[in-house]
Every structure is written in C-alpha cells, then in structure tokens.
Amino acid sequence: MSSDNSCGGVCACRQACGIGDGEALIIASATGHTVGEVARLARANGRAASVRGGFARITGDDLPGFAALAASTLSATETAEARATLIPADLDVDAAIAAGISAPTLRVLAARHEHADVLELVADELAFWSAYQPIVDLRTGDVVAHEALLRADHDGETVHPGRLFGAAEAAGWTHVLDRIGRETAIRHASSWLGTGSLFINFIPTSIYRPELCLRTTEQASHGAGIALDQLVFEVVEGHRIDDLDHLERIFDHYRDRGCRVALDDVGSGYASLNVLARLRPDVVKLDMELVQGLPEAGHRAIVKAIVDMSHGLGAIVVAEGIETAEQHHEVVELGCDLGQGWLLGRPERKTGTVPDEQRRELTSSAQHA
C-alpha cells in the first residue's frame, strides 16, 4: 500500500524494476524439482549455482535476464509458485532465506525485467501526466466535469494506460501505478479545474486498507486546493465483481470524506443491475458499446432500464463514447444526464502545472528512490 514514500532497505521502486544492487539471485520453492531445475539451467548458461533445501543461490552476469530465462523455461505452475529475488552477494544465509520467503514470484520478477523500461518510471513521478476529457451536461452543453486519463513521457514518446497498467499488472506493481494515477490527476488539475468535478479511475485490488492507502490521495487534494466533494472516484466493472464487500468498504470511505463514487461500464456484464442496486453509486457511467449501438432496439431497452433504475436510486447517468449526432440525440431522449465522447471533446493535456511545493516533494522523493 502507499500511505507514504518511505523506503526500507532497497527502495521499493528499484525492487519493482529489478535494478537494485543485487549480485545474487535467490530462488525459493516448495518443490525440490523446481530448485534443482533452476540450478541446472544456471550452470548450463554460465552461472554458478548452489542448492540448500528449498533454495537455489545463483551468481553471475545479468541475473535479471537469467530470471526471465528461467521463467520462460519452467512451467507456468512453477513460475507462479517459486519465489525469486535479487540480493547483495555478501548477504548471510539466514538473511538470504528471509529474502527468499518474502520475495515476489519468479513470474513477477521476470515480468519486472521484461517491462523494466516502463516500470522504471515509478521512480520518477514527474514523468506522469493526465489527459482530461470533458464531461458535458447534455441539456445545456456546459462542461461540468473532466475525466483524468493517465499518461507518461518516456524516451520522447507518450506511454498510454494500456501499456502502463499492463506492465504494472504483470509485475505486481499495480498498486503503485494506481496511486500515482490518482495523485497525478489531482495535482495537474489544480490550476484550471475551478469548481468543476474531476473523475478519477481507481482499481479496488490496489487498495488494501482505504484509511491507509488513500491517505496520500487526500493529501494531494488538500495540496492542490481541490475540495474533496469535487472528486468522483470511478471503477470499471472488470475490477469490482470479485469482491463486492471490499469495494463497498472503499466506497464508504470515499463518501465519508465527502467524495462521490461512480460505476463505469454499467451494462457490459450480466451482474450489472445487481451490483448497481447493492452499491448505489452517485454516478452511473453507461458502457460505451451500449451507447454506440444506439438506436438499435435492444440497446435502447437496456439503456432505458439502466437510466430508470439509476435515477430511482438517486444516481446521475453519464453516457460514454458519444461519437455521432444520432447517438447524442438518443441518449438525451432516453434520459441520460451527462455525456462524454469524441463528439463532445477529446482528451487533452491541460496547460496547468504542478504547484511548486508539490513539485519539490516529488523531485525529492524521486532522488531518494
């Protein structure tokens, strides 16, 4: 979780990327065959290897690269079970065993090596920025809110969310990127948002205990001068179905602090209406495919049902993905309140800057990472 930026030992950012000062690779497994196979593979590829119980200690060149080789050679079951970590070569045996027990899986370590060019960005939060897409009142045409969409600058190119979160998920680092996304959205909106609302995406599985993990989000809001009641935290359906109890606790935490909560992509899954009834969000965002399927009769019926149910629960409805005048006409006729999509405005990078005090804090954090 990410309640502060303190580091113990090797900074977590460096551990995530596999770029610490490690000179030995420790593989721990409950399966003796896995440890033996890793040692055999290491020797066959010019590394030294020793085995003690359920641990293999590998030394030699390019150990992150060897971890990736081992992950590609072993079975998926073995790479998901075996633990792997890079440590200083002079670490004593007991410390090495302790490091192995608490290490990520071999699959995760290999992913961190594979995606190192992206994951190294977590050590430089100033590389991240948000594109903001307007959300419009469908009856007045006024822009009443913006949705923040995370981006990063890397080697002269813009890295988009699919690559960022894909790499983070594979490497077990989603919770860090999710925190960065929330805080970046707030910081970069501070100079231009005014009294409008700011929609911020979040992934429930990245938040272990809301009162701790969301502390820095609240601090960013205070530092940016954006009131908590301007924030709308939204979650997509694919990330919330598995543990509704946990998501309900997160929603309660946000609401207790004056924020609003939204469900995204409603209508895309069979459980949508049941989830909607239980969680009673403040904002319901219609699945884009539903909106873009209008005016087909089946899509109209589903949209109308969701709109009526949402209004009955006291929620406002946002139609996403509006790209044509016909779709705009349909969602207005079906009772949607707000609209979002390329017809109404594309995501863009705003000219506002991060407040100097927060920029200094981020720079300091990056220097110590």
Rounded at 0.5 Å granularity, tell me how far [atom1] in [X] sits from [atom2] in [Y].
| X | Y | atom1 | atom2 | result |
| --- | --- | --- | --- | --- |
| Ile322 | Gln340 | CD1 | CD | 8.5 Å |
| Thr217 | Leu231 | OG1 | CG | 9.0 Å |
| Arg182 | Ile207 | CZ | CD1 | 4.5 Å |
| Leu126 | Phe128 | CG | CZ | 10.5 Å |
| Arg300 | Leu334 | CZ | CG | 4.5 Å |
| Leu164 | Thr174 | CG | OG1 | 11.0 Å |

Answer yes or no: is there an ion pair linking Glu157 with Arg163, defined by an N-O contact shorter than 4.0 Å? no
Does the pair Glu218/Arg215 count as a salt bridge with the N-to-O cut at 4.0 Å? no
Hey, does the side chain of [X] reach the backbone of [Y] with a donor-acceptor pair shorter than 3.5 angstrom?
| X | Y | value |
| --- | --- | --- |
| Arg47 | Asp61 | yes |
| Gln292 | Gly321 | yes |
| Arg112 | Ala171 | yes |
| Gln230 | Gly194 | yes |
| His246 | Pro204 | yes |
| Arg83 | Ala103 | yes |
| Glu23 | Thr59 | no |
| Ser221 | Ile226 | yes |
| Tyr132 | Ala185 | yes |
| Gln327 | Glu323 | yes |

Is any side-chain heavy atom of [X] less than 4.5 Å from a side-chain heavy atom of [Y]?
| X | Y | result |
| --- | --- | --- |
| Leu214 | Phe202 | no |
| Arg151 | Leu149 | yes |
| Ile306 | Asp287 | no |
| Ser310 | Ile316 | no |
| Leu41 | Phe66 | yes |
| Thr85 | Leu25 | no |
| Asp229 | Arg260 | no |
| Glu78 | Thr31 | no |

Should Phe165 and Ile203 be marked as a side chain to side chain contact (heavy atoms under 4.5 Å, CB included) after you check the CA-CA gap, both sets of side-chain angles, and the distance that decides it? CA-CA 10 Å; Phe165 282 95; Ile203 300 173; 3.9 Å; yes
After noting the C-alpha distance and the side-chain angles of Gln133 and Leu344, does the key distance pass the side chain to side chain contact (heavy atoms under 4.5 Å, CB included) rule? CA-CA 9 Å; Gln133 186 169 28; Leu344 305 175; over 6 Å; no
Kindly indicate, with the supporting measurements, whether the criterion side chain to side chain contact (heavy atoms under 4.5 Å, CB included) is fulfilled by His146 and Trp192. CA-CA 11 Å; His146 288 81; Trp192 59 266; 3.6 Å; yes
Starting from [Y], can I reach [X] by hopping between I/L/V/M/F/W/Y residues whose side chains sit under 4.5 Å apart?
| X | Y | result |
| --- | --- | --- |
| Val232 | Val235 | no |
| Leu244 | Val284 | yes |
| Val318 | Val143 | no |
| Leu138 | Val283 | no |
| Phe199 | Val331 | no |

Could you check Arg278 against Glu248 for side chain to side chain contact (heavy atoms under 4.5 Å, CB included), going step by step and ending with a plain yes or no? CA-CA 9 Å; Arg278 175 173 172 180; Glu248 195 167 24; 3.1 Å; yes
Within a 6.0 Å radius of atom CD on Glu289, are there more than 12 heavy atoms belonging to other residues, nucleotides or ligands? no
Tell me yes or no: between the side chains of Glu81 and Ser29, is some donor less than 3.5 Å from an acceptor? yes
Identified side chain to side chain contact (heavy atoms under 4.5 Å, CB included) partner of Val317 from the options Leu338, Asp337, Val303, Val266: Asp337
On a heavy-atom basis, the closest approach of Ile58 and Ala39 is CD1-CA, 4.4 Å
